[in-house]
2 protein chains.
Amino acid sequence: MDTLDQRIVSQLVTDARASYAEIGAVVGLSAPAVKRRVDKLLDLGILRGFTAVVDPEALGWGTEAFVEVHCHGNVPTHRIRSGLEPLPEVVAAYTVSGPADAIVHLRAADIHHLETALERLRAVEFISRTVSTVVLSRLLERPPQP
Amino acid sequence: MDTLDQRIVSQLVTDARASYAEIGAVVGLSAPAVKRRVDKLLDLGILRGFTAVVDPEALGWGTEAFVEVHCHGNVPTHRIRSGLEPLPEVVAAYTVSGPADAIVHLRAADIHHLETALERLRAVEFISRTVSTVVLSRLLERPPQP
DNA sequence: GGTGAAATGGCCTTTTC
DNA sequence: GAAAAGGCCATTTCACC
């Protein structure tokens, strides 16, 4: 993981469909050399994969919320994870410091769908209480700069 | 935006570097037809682009936090956006319902870097108060399923 | 560096309004 | 009949050994 790798990753974050030759032209490497490094980075898990950035509105996921989750007593991290994993509306989840045990990022088609998702979230056995914050508008969403 | 488009988008979310021929084989279209649709989806803004999914730890962004931002009086959305945009540690920001005005997702190298980022965030003129929640572990992070 | 495959543009056909 | 969308083909570029 040297400077060259970082620049390759940076290029791929900007445009994951760039050809190896294009990336090579930017970082000063031949196309095969770039491919070898990308393969290595995928192998090491530094690169997890490549995905399309989709406008959530356009796909009918217009409503989202952040939910503070409070659990009954001490629930191990992996149990929280496996409890949340089956809910398709959960796009991200984190265990956190502070009064809440976890923060769950929900994405739903509309308010009704969000309500349904929240009900199913609250039905997860170890969850005692939830505090929801509905997103009014997305101000900013971007990949972290290396 | 028909079923075919949705399936193409779904394929690209799964693997943004798949060839048009591979996508076409799955959805039942020729490679040029897939490309024409992808170009159209990019043009319409339904597809925003293609990015690499990077392990944040590996790139030295191991620490993150969610910050509730409270503003002085009524601050228009676009001012909040332009106030947060210059901070590189801000990976996402949303205006929200409830007591807070916005939720800011911060990503930093370590606790010290996070502290610096928080100080710079609190220095934004219209921000009166912040409530930080530090992420202990990432449980789940995935693209929304169409 | 050579071979095989992918991307891309042109052109024609088909379907639908 | 005109417009929209897909298939096929040819050329250039790229990926992989």
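Note on naming: letters A, B, ... go to the chains in the order of the sequence lines (proteins, then strands), and numbering restarts at 1 for each one.
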Of the listed nucleotides ([options]), which one gets closest to any side-chain atom of [X]?
X	options	answer
B:Ser19	C:dA6, C:dG9, D:dC14	C:dA6
B:Arg36	D:dG6, C:dG9, D:dC17	D:dG6
A:Ala31	D:dG6, D:dC16, D:dA15	D:dA15

Can a cation-pi geometry be assigned to B:Arg17 and A:Tyr20, taking NZ or CZ under 6.0 Å from the six-membered ring centre and within 45° of the ring axis?
yes

Return the value, rounded to whole Å, for the distance between atom [atom1] of [X] and atom [atom2] of [N].
X	N	atom1	atom2	value
B:Leu12	C:dA7	CG	P	11 Å
B:Asp39	D:dA5	CG	C1'	14 Å
B:Asp15	C:dA6	CG	P	14 Å
A:Ile23	D:dT13	CD1	C1'	15 Å
B:Leu29	C:dA6	CG	C1'	17 Å
A:Tyr20	D:dC16	OH	P	6 Å
A:Arg17	C:dA7	CZ	C1'	10 Å
A:Glu22	C:dT8	CD	C1'	13 Å

A:Asn74, CG: over 12 other non-hydrogen atoms inside 6.0 angstrom
no

OP1 or OP2 of C:dT8 sitting under 4.0 Å from any side-chain N/O of B:Lys35?
yes

So among A:Val131, A:Val96, A:Val67, which one has a side-chain contact (heavy atoms from CB on, under 4.5 Å) with A:Ile103?
A:Val96

Are the side chain of A:Arg142 and the backbone of B:Glu85 linked by a donor-acceptor contact shorter than 3.5 Å?
yes

Looking at the base of D:dG6, is there any donor atom on it, or on the side chain of B:Arg37, that sits under 3.5 Å from an acceptor on the other one?
no

